Amino acid sequence: MNGNGVKELSFGFALRVVKLCRFLEKEKKEYVLSRQLLKSGTAIGALIREAQQAESRADFIHKLSIALKEAHETEYWIDLLYQSQLIEKKGYESIKSTKNRRDNG
């Protein structure tokens with residue numbers, strides 16, 4: 001992996017979230033939970049990028065703390081989607097995985 005690993009991983013995760021939300025809206029006609037997931041799941045990477053331009057160490061820590069909160073919220077929405085049977089076990093385990101898929105491809 002070249003460059004900033006966290007930046008790249010968070011962007012890749014955001015892409016997966018966008019695709020999952022597209023699936024939920026198109027195939028499951030689920031709009032409310034998918035919108036919540038889209039907001040929190042894409043905010044993680046945006047906050048990480050924002051932190052790179054922090055004005056101070058405290059600002060950097062604050063932005064990364066918010067990114068962590070968004071990650072916890074995203075996990076909540078993913079768990080809720082799985083428990084409500086809107087996503088299957090395979091998809092749930094795949095998106096919850098922290099393994100970098102590009103290493104296998």
Side-chain angles (χ1 to χ4, degrees):
M1 191 181 300
N2 297 329
N4 184 327
V6 173
K7 180 179 161 184
E8 291 178 11
L9 287 172
S10 63
F11 187 79
F13 180 75
L15 282 175
R16 294 183 72 200
V17 166
V18 168
K19 290 176 184 179
L20 174 57
C21 291
R22 231 186 257 155
F23 164 79
L24 289 167
E25 290 176 359
K26 185 176 179 181
E27 301 297 324
K28 301 290 186 171
K29 306 299 183 212
E30 200 307 301
Y31 304 98
V32 176
L33 298 177
S34 64
R35 186 64 51 186
Q36 293 291 111
L37 175 63
L38 184 65
K39 287 179 183 180
S40 64
T42 57
I44 299 164
L47 285 159
I48 289 169
R49 285 196 182 192
E50 220 179 296
Q52 291 179 315
Q53 302 302 315
E55 297 174 9
S56 66
R57 180 175 168 84
D59 187 35
F60 177 79
I61 291 169
H62 177 70
K63 285 178 177 25
L64 288 184
S65 295
I66 296 170
L68 181 60
K69 288 179 183 182
E70 293 291 340
H72 286 291
E73 180 181 340
T74 301
E75 184 176 33
Y76 170 82
W77 295 122
I78 292 168
D79 290 344
L80 186 60
L81 287 164
Y82 175 63
Q83 292 296 320
S84 62
Q85 300 177 341
L86 287 165
I87 56 175
E88 295 178 4
K89 185 176 183 176
K90 182 178 178 181
Y92 171 75
E93 290 174 347
S94 174
I95 200 156
K96 291 264 300 196
S97 171
T98 57
K99 189 170 188 339
N100 183 0
R101 295 184 180 280
R102 285 183 285 175
D103 289 342
N104 294 331

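For clarity, every value in this text was computed on a predicted model and none was experimentally measured. All residue numbers refer to positions in the sequence shown, counting from 1.
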State whether the side chain of Arg16 and the backbone N or O of Ser94 hold a donor-acceptor pair below 3.5 Å, judged by distance alone. yes
Following the transitive rule for hydrophobic clusters with a side-chain heavy-atom cut-off under 4.5 Å over Ile, Leu, Val, Met, Phe, Trp and Tyr, establish whether [X] and [Y] coincide in one cluster.
X     : Y     : result
Phe13 : Tyr76 : yes
Tyr31 : Leu81 : no
Phe11 : Ile48 : no

How many angstroms lie between atom [atom1] of [X] and atom [atom2] of [Y], to the nearest 0.5 angstrom?
X     : Y     : atom1 : atom2 : value
Glu93 : Ile87 : CD    : CD1   : 10.0 Å
Arg49 : Lys63 : CZ    : NZ    : 15.5 Å
Gln83 : Tyr92 : CD    : OH    : 6.5 Å
Gln36 : Glu73 : CD    : CD    : 6.5 Å
Leu15 : Leu20 : CG    : CG    : 12.5 Å
Leu33 : Leu38 : CG    : CG    : 12.5 Å

Minimum heavy-atom distance between [X] and [Y], given as atom pair plus value:
X     : Y     : value
Phe60 : Ala51 : CD1-O, 3.1 Å
Thr74 : Gly41 : OG1-N, 3.2 Å
Ser34 : Cys21 : O-SG, 3.1 Å
Val32 : Glu30 : N-OE2, 3.2 Å

Note, [X] side chain near [Y] side chain (heavy atom, < 4.5 Å):
X     : Y     : answer
Glu50 : Leu47 : yes
Lys39 : Glu70 : no
Leu86 : Leu80 : no

Heavy-atom count around Glu88 CD within 6.0 Å, excluding the residue itself: above 12? no
Those residues at least two apart in sequence (or on a different chain) that pass side-chain hydrogen bond (donor to acceptor under 3.5 Å, both in side chains) with Ser10 are none
